[in-house]
There are 2 protein chains.
Amino acid sequence: MRYYRFLSEAPRRRTGPTVTSAEIAEALDIDPTQVRKDLGSIGIVGMGRVGFETCEVCRSIRAALGFDREVDAALIGAGRLGSALLTYDGFARYGLDIIAAFDNDKKLKGRKVAGRVVKPMQALRPFVEKHGVQLAIITTPATASQHIADRLVEMGIKAIWNFSPTRLLVPAGVLVRDEHISLGFAEIAHHLSYLEET
Amino acid sequence: MRYYRFLSEAPRRRTGPTVTSAEIAEALDIDPTQVRKDLGSIGIVGMGRVGFETCEVCRSIRAALGFDREVDAALIGAGRLGSALLTYDGFARYGLDIIAAFDNDKKLKGRKVAGRVVKPMQALRPFVEKHGVQLAIITTPATASQHIADRLVEMGIKAIWNFSPTRLLVPAGVLVRDEHISLGFAEIAHHLSYLEET
DNA sequence: TAGATTGTTAATCGATTAACAATC
DNA sequence: TAGATTGTTAATCGATTAACAATC
């Protein structure tokens, strides 16, 4: 993933069409050997003397990471965080398309957020089944999220991206990615209290 | 951090006042020896026969993670994501207090979000200096964030929690924690395309 | 050809796991 | 005392780094 970020920015750096393992390693602060190993593991072969062809590597990484195909997602919870995700246009780069938003809040009903109408929760099941939605993004309050997750699993969802501050329990085979912002704060708190000491 | 989440939920599980390394290991799916090592490394000693005293361990971990002291933060960018962070009340648990929000958008000026007035950017420097703010949370568009980061560093900020989709460059000594949501999606995309294959 | 960069094998390092005497 | 659980040392495992012949 870090490779992808670095390489997709390559055109902007106006470097040539190739990149060496040493350059990548330098930029990402890792060992050149490591880079060659990683690239090799997803079937990318470099050329002696010149290195790797940037574009080709990019494509291969996209494929390896699964960014090369469209993923349609349903967003559950159209509050502030949900709206922020809907509005964010950076997901397209990774093949993620949030095709619908659902929320039970009467105030939001029928309102448009980032061009998408917020649908009532009753519409969720038919929608998921009709469009074969595989990914659900949950931004509901912690109290509601487990219940919603259970329903989503019933509907046959394959993955849940959980932004609510709870750990969700789901049967094996369904992927849950918990996005706990508080976790990031741990690093900061640690750093700051460390500064304090010295 | 995972220990902390687990242990702080202990009261809800209504287990006794102590917990064994085996129990923690089981719940977190790691090796019991690892647990004992980790706890030992922050100076926590357990008792033979009964294990560790839950409350005491919790306190020690809080201290080790730096959650035991208040951190005052300034939020830059009061858009959807910024508002979501302002509204989120879970930060208090970790000692984080967002004491002010700043945004240049005229529409937001003077508006209240989660009880805090949004201040204009000009007010940032005096505010940071007056209150000795150490942490800034950036939720501005990618184009603006580096410029803002530079200014914040000048003002003597110690850490930046970056929610804008760019990598920020700062001098050594200033901590930047990048919160790239797209990164989380990589895992999901990978899982889904893996399912596809089989 | 000469030189730079790769792919890969071998060596090092650190982290995880196993084993067990010491402790409550 | 007997039994469970700890702290710690030793052994294993995997991942990172170093070295170098093969390649363009």
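So you know, we letter chains A, B, ... as the sequences are listed, proteins then strands, and number each from 1. Keep in mind that the numbers below use all heavy atoms, side chains included, and drop hydrogens, waters and symmetry copies.
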Would the number of heavy atoms belonging to other residues, nucleotides or ligands and lying under 6.0 Å from CD of B/Glu26 be above 12? no
Validation row: B/Val174, B/Leu152 side chains within 4.5 angstrom (heavy atoms): no
Does a side-chain heavy-atom distance below 4.5 Å link B/Leu7 with B/Ile24? yes
Figure out the CD1/C1' separation between B/Ile30 and C/dT17, and round it to whole Å. 12 Å
Geometric class of the B/Phe163/B/Trp161 ring pair [parallel <30°, tilted 30-60°, perpendicular >60°]: tilted
For D/dT23, the Watson-Crick or wobble partner whose two distances fall under 3.5 Å: C/dA4
Axial cation check for B/Phe6 ring with B/Arg13, 6.0 Å and 45° limits: yes
Pairing nucleotide - C/dA10, Watson-Crick or G-U, each distance under 3.5 Å: D/dT17
Determine whether A/Val19 and A/Val57 make a side-chain contact, defined as any pair of heavy atoms from C-beta on separated by less than 4.5 Å. no
Whole-Å distance, A/Asp31 CG to D/dA19 C1', equals 12 Å
note: A/Gln34, atom CD; C/dT12, atom C1'; distance rounded to Å ~ 14 Å
Might you list the N or O atoms of the protein lying below 3.5 Å from N or O atoms in nucleotides 6-10 of chain C, with each pair's distance?
unit_1	atom_1	unit_2	atom_2	d
C/dT6	OP1	A/Ser21	N	2.6
C/dT6	OP1	A/Ser21	OG	3.3
C/dT6	OP2	A/Ser21	OG	2.6
C/dG7	OP1	A/Gly46	N	2.6
C/dG7	N7	A/Arg36	NE	2.8
C/dG7	O6	A/Arg36	NH2	2.8

